[in-house]
Protein chains: 2
Amino acid sequence: MYRTKQRHAILAVLSGNSSHPTAEQVYCRIRRQIPHISLATVYRNLKRLAEEGLILELSFPDEPNHYDPCTELHYHFRCDLCGWIYDLESSQVQIAHRLSSQGFSVRGQQAVFYGACASCQTK
Amino acid sequence: MYRTKQRHAILAVLSGNSSHPTAEQVYCRIRRQIPHISLATVYRNLKRLAEEGLILELSFPDEPNHYDPCTELHYHFRCDLCGWIYDLESSQVQIAHRLSSQGFSVRGQQAVFYGACASCQTK
DNA sequence: ATAGGTGCAAAATATTTGCTAGGGC
DNA sequence: GCCCTAGCAAATATTTTGCACCTAT
């Protein structure tokens, strides 16, 4: 597999922090090292890394996509006010209740699994 | 609160089925009853209904938003092949495992809560 | 050498907004 | 009548794509 410096740098930015950056944010950081990198390259690599299962693509309403280097099943909390995305413990069953006791005000939630359904697999 | 026939029709389409339609799909169905309705009106109403907490706005990668009349905490499974979005039981803790035994092939997952974090609430 | 990736610009997609006219209360 | 909403068109935002050139293997 092709291992370009662009792809390396993108993975490094993601792995290096827990900020769940957008494509634009990844692009800005990488320009320090690779000033001529194109935003399209960032998008292309992020999309591919997600398809390869190396990173997770997170979709929120009213938001560009965010990217997460942690591909384990885990939950997130997104603050409506500051936009920060917190990682949560997946072992907590009644997360919404616990969040309240920790000072988070929960307005909504969603949980999604992706894959192929039974009927499509038999086609 | 203003109760236009457009708003009513949009809510009716959503409540009447479990297909988690997109704005475009809602628009197509409503045109049968209100041929002159504008797509912008559909978008505006869906956005508002979501803000008011009457419906849920679901965001997926590579997909326009989908809308769900059920605002209770529950999980979804989206098939990569046919695009269908299944509703899942929220009481199942190890959903991913159960899905496998039911013939679903799980490629990825995400779970998100929305609201205001503790530090923003004290501002 | 060649397959595959990059950069740039343009296109495609999804969604929002400004404005005027019309409907609900 | 007044205010909010609809309809239309144009704008915006995000992401993808075509193509010529470059680079890793």
Side-chain angles (χ1 to χ4, degrees), chain A residues 1-14 19-52 54-68 78 80 83 85 110 112 114, chain B residues 1-14 19-52 54-68 78 80 83 85 110 112 114:
Chain A
M1 176 197 300
Y2 255 63
R3 317 224 92 241
T4 63
K5 66 179 173 184
Q6 288 86 348
R7 179 179 158 113
H8 258 130
I10 289 166
L11 259 178
V13 164
L14 280 171
S19 64
H20 307 89
T22 63
E24 187 76 38
Q25 290 168 333
V26 170
Y27 173 62
C28 290
R29 296 235 197 121
I30 288 187
R31 288 180 86 179
R32 298 178 198 161
Q33 309 152 38
I34 311 175
H36 290 303
I37 195 172
S38 160
L39 181 54
T41 296
V42 175
Y43 271 108
R44 262 186 300 232
N45 275 283
L46 288 171
K47 182 62 72 186
R48 245 196 108 188
L49 289 165
E51 281 165 4
E52 293 167 0
L54 296 177
I55 65 174
L56 224 55
E57 194 172 26
L58 306 179
S59 229
F60 300 86
D62 311 316
E63 280 281 316
N65 289 343
H66 290 252
Y67 297 88
D68 190 338
R78 178 180 178 278
D80 293 331
I85 297 163
Q110 92 177 72
V112 183
Y114 307 96
Chain B
M1 178 195 299
Y2 254 65
R3 320 225 90 242
T4 63
K5 66 178 173 185
Q6 288 85 349
R7 179 181 159 113
H8 260 131
I10 288 165
L11 259 178
V13 165
L14 280 171
S19 65
H20 307 89
T22 63
E24 187 76 38
Q25 291 168 334
V26 170
Y27 174 63
C28 289
R29 294 233 199 124
I30 289 187
R31 289 180 86 178
R32 299 177 197 161
Q33 309 153 38
I34 311 174
H36 290 303
I37 195 171
S38 159
L39 181 54
T41 296
V42 175
Y43 270 108
R44 259 188 301 234
N45 275 286
L46 288 171
K47 182 63 72 184
R48 244 195 109 189
L49 288 165
E51 281 165 5
E52 292 166 2
L54 297 177
I55 64 175
L56 224 55
E57 194 173 26
L58 305 180
S59 229
F60 300 86
D62 312 315
E63 280 281 317
N65 289 343
H66 290 252
Y67 296 87
D68 190 337
R78 178 181 178 278
D80 293 331
I85 296 163
Q110 93 177 69
V112 182
Y114 308 97

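Chain letters run A, B, ... following the sequence lines, proteins first and then strands; every chain starts at 1.
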Based on the rotation axes of five pairs at each end, what angle does the helix from dA1(C)-dT25(D) to dC25(C)-dG1(D) bend through, to 10°? 40°

pair L54(B)-L14(B): side-chain heavy atoms closer than 4.5 Å: no

note: Q6(B), atom CD; dA21(C), atom P; distance rounded to Å ~ 18 Å

Spell out protein contact along nucleotides 10-15 of chain C as letters: B when the base is contacted, S when just the sugar-phosphate is, - when no protein heavy atom is under 4.0 Å; keep the 5' to 3' order. ----SB

Any side-chain N or O of R3(A) below 4.0 angstrom from OP1/OP2 of dG4(C)? no

Tell me, please, which residues at least two apart from E63(B) pass side-chain hydrogen bond (donor to acceptor under 3.5 Å, both in side chains). H66(B), R78(B)

side-chain contact (heavy atoms from CB on, under 4.5 Å), that's the test. Do I85(A) and D68(A) meet it? Break it down for me. CA-CA 10 Å; I85(A) 297 163; D68(A) 190 338; over 6 Å; no

Rounded distance (Å) that lies between atom C1' of dT5(D) and atom CG of N45(B): 8 Å

What heavy-atom pair brings P61(B) and S59(A) nearest, and what distance separates the two atoms? N-OG, 3.4 Å

Rounded interatomic separation in angstrom, taking NE2 from H66(A) and C1' from dT15(D): 14 Å

Distance-only check: which donor-acceptor pairs under 3.5 Å involve side-chain atoms of residues 25-35 of chain A, not counting sequence neighbours?
{"from": "Q25(A)", "atom 1": "OE1", "to": "T22(A)", "atom 2": "N", "distance (Å)": "2.8"}
{"from": "Q25(A)", "atom 1": "OE1", "to": "T22(A)", "atom 2": "OG1", "distance (Å)": "3.4"}

Nearest 0.5 Å please: distance from the CG atom of N45(A) over to the CG atom of L11(A). 8.5 Å

So, taking the atom named CD1 in I55(B) and the one named NE2 in H20(B), what distance separates them when rounded to the nearest 0.5 Å? 11.5 Å

I want to check one thing: is the phosphate of dC4(D), taken as OP1 and OP2, less than 4.0 Å away from some side-chain N or O of T4(B)? no

To the nearest angstrom, how far is R7(A) atom CZ from dG5(C) atom P? 9 Å

For T41(A), which residues count as a side-chain hydrogen bond (donor to acceptor under 3.5 Å, both in side chains) partner, sequence neighbours excluded? none

Once side-chain hydrogen bond (donor to acceptor under 3.5 Å, both in side chains) is applied, do any residues pair with R7(B), and if so which ones, sequence neighbours excluded? E52(B)

Apply side-chain hydrogen bond (donor to acceptor under 3.5 Å, both in side chains) to E57(B) and list each qualifying residue two or more places apart in sequence or on a separate chain. K47(B), N65(B), Y67(B)

Output a table of nitrogen or oxygen pairs between the protein and nucleotides 17-19 of chain C separated by less than 3.5 Å.
{"from": "dG18(C)", "atom 1": "O6", "to": "R44(B)", "atom 2": "NH1", "distance (Å)": "3.4"}

Inter-residue atom distance R44(A).CZ - Q6(A).CD, 0.5 Å rounding: 10.0 Å

For DNA chain C, which residues in residues 30-38 of chain B have a heavy atom at a distance below 4.0 Å? none

Protein and nucleotides 20-23 of chain D: nitrogen or oxygen contacts under 3.5 angstrom:
{"from": "dT23(D)", "atom 1": "O2", "to": "Y2(A)", "atom 2": "OH", "distance (Å)": "3.3"}

